[in-house]
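To keep things clear, I will list the structure first and then write my remarks on it.
This one's a predicted model, so the numbers in the text were calculated from it and none came from an experiment.
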Amino acid sequence: MVNRVTLLVLLLTLLCIQSQGTRHNLELETATSASGDDLTASQDAPGSANVASSLSAIFQPQLGDFLSSYFAVYQAANGAYFGGGGRFDIYGHPNVTGHDTITTAVWIVGERDDRTLDAIQAGWHAADLGCSNTACEGFVKSDTAPISPGDALPISTPDEIHELIMWIEKDETGDWWLYASTESTASGKVGHWPKSLFSKLAENATVVSYGGFVQVKKGSVSPPMGSGHFPNDTAAFFSNVEYVDEFGRKIAGNLAALVTDKNCYDVGNMGDATFFYGGPGGCVPV
């Protein structure tokens, strides 16, 4: 059983599949990207199908034939992006076991013309992962990081909400920097992913996504996402959702909502760069 939430930092690139092991952290992981199952767009937007296949592509090779994944996210696609992030609350799920994974994150994806991709991810999770934190090559931790990959994070309760603010942005050298803070730590550089790690992301991202992800063993009941509630005032939230466009401007809005299975998870309407997301789970993939 997992009842520890930690900071999650992932590098997801081609041809580097990792083994499995249990965590509930802010962590770093390297993973394969390849084509995967498409998600269902909950509302039409340019590039929504492209985004859906990109997100599934990140995880499906790791999951193999015996695991399935679910998303409930908002995302920008069909553009050149140079950063993104937001503020979101943190939840613990003590009954996460086996191959279950619950993640809330920001994804920065670069997809090439041949449909291969590389990506980076930062957020929190309760998970069954192997390569994590700085055990994976790639992410370079800052000496003055206010919080670090693997640090335990405070868990929200009905009486007290704990939040994580994360921002990822490409600098003038081509490296992608992660900035983060909590209510008890000032914002600062957590570390960076060097330009040399990437192909498409060495130039720019093509997708920026925000929201929740879960995985589950096929034939098992899928775990909750976010707070475990469908979008309402008790659900998990993202706020201050922005991305950096090709002109260096921070943009809020113009995002597509994508949900794998609305019977188990969903996203609410976006307003003032804020949305609720999540659900109780209960899907049984076959």
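At distances below 3.5 Å, not a single donor-acceptor pair connects side-chain atoms of S68 with backbone N or O atoms of V216. Using modelled atom types, one side-chain atom of W176 and one backbone atom of L201 make a donor-acceptor pair closer than 3.5 Å. In terms of modelled atom types and a separation under 3.5 Å, the side chain of S156 and the main chain of I90 share a donor-acceptor contact.
E242 and A252 make their closest contact through CG-CB, 4.2 Å (heavy atoms, listed as atom of the first residue, atom of the second, distance). What you find for P194 and G138 is that their closest heavy atoms are CD-O, 3.1 Å. In terms of heavy atoms, S187 sits closest to P146 at C-CG, 4.4 Å. The two residues Y81 and T206 have their closest heavy-atom pair at CE1-O, 3.3 Å. When all heavy atoms of K217 and P285 are compared, the closest pair comes out as O-CG, 4.2 Å. In this structure, N204 and K170 approach most closely via the heavy-atom pair N-CE, 4.5 Å.
In terms of hydrophobic clustering, with Ile, Leu, Val, Met, Phe, Trp and Tyr side chains grouped at heavy-atom distances under 4.5 Å, I155 and L164 are assigned to a common cluster. Placement of F237 and V214 within a single hydrophobic cluster is found when ILVMFWY residues are connected by side-chain heavy-atom separations under 4.5 Å, directly or transitively. Cluster annotation: F230 is not connected to I102 through the hydrophobic network of ILVMFWY side chains, with a link wherever side-chain heavy atoms come within less than 4.5 Å. Note: the hydrophobic cluster containing I120 does not contain Y179 (ILVMFWY, side chain heavy atoms under 4.5 Å, direct or indirect links). No path of Ile, Leu, Val, Met, Phe, Trp and Tyr side chains, each step under 4.5 Å between heavy atoms, connects V109 with W177, placing them in separate hydrophobic clusters.
Within the structure, ring-ring contact (aromatic ring centres under 6.0 Å, His included) contacts touching residues 245-272 (residues at least two apart or in different chains) are Y70-Y265. Sequence neighbours left out, the pairs with a member in residues 270-286 that pass side chain to side chain donor-acceptor pair (under 3.5 Å) are T104-Y277.
To the nearest 0.5 angstrom, S199 atom OG is 10.0 Å from L117 atom CG. To the nearest 0.5 Å, atoms CG (L153) and NE2 (H162) are separated by 10.5 Å. Here S181 contributes atom OG and R87 contributes atom CZ; the two are 7.0 Å apart, rounded to the nearest 0.5 Å. Distance check: D100 CG to H125 NE2 gives 13.0 Å after rounding to the nearest 0.5 Å.
For the pair E163 and S239, the minimum side-chain heavy-atom distance is 4.5 Å or more. Between N240 and W167 the shortest side-chain heavy-atom distance does not fall below 4.5 Å. Side-chain contact between R112 and D118 is present, with heavy atoms from C-beta onward closer than 4.5 Å. At least one side-chain heavy atom of M166 sits less than 4.5 Å from a side-chain heavy atom of F88. Side-chain contact between H93 and P223: absent, with no pair of heavy atoms (C-beta onward) separated by less than 4.5 Å. Between L255 and F275, every side-chain heavy-atom pair lies at or beyond the 4.5 Å cut-off. Counting heavy atoms from C-beta on, the side chains of F82 and E169 never come closer than 4.5 Å. Between D175 and K195 the shortest side-chain heavy-atom distance falls below 4.5 Å.
Inspection of the Q121 and W107 side chains reveals an N or O donor paired with an N or O acceptor under 3.5 Å. For the residue pair D159 / T157, no side-chain donor-acceptor distance below 3.5 Å is found, with atom types taken as modelled.
Between Y210 and Y74, the distance from one ring center to the other does not fall under 6.0 angstrom.
Evaluation of the side-chain hydrogen bond (donor to acceptor under 3.5 Å, both in side chains) rule for T144 yields S142 as partners, not counting sequence neighbours.
Within 6.0 Å of atom NZ in K200, more than 12 heavy atoms from other residues, nucleotides or ligands are found, so the atom counts as buried in its surroundings.
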Legend entry - Intermediate values then yes/no, side-chain contact (heavy atoms from CB on, under 4.5 Å), F213 and V73: CA-CA 8 Å; F213 161 83; V73 299; over 6 Å; no

Inset, instruction - Before giving the answer on side-chain contact (heavy atoms from CB on, under 4.5 Å), spell out for V259 and V267 the whole-Å C-alpha distance, their side-chain angles and the decisive distance to 0.1 Å. - result: CA-CA 7 Å; V259 179; V267 294; 4.0 Å; yes

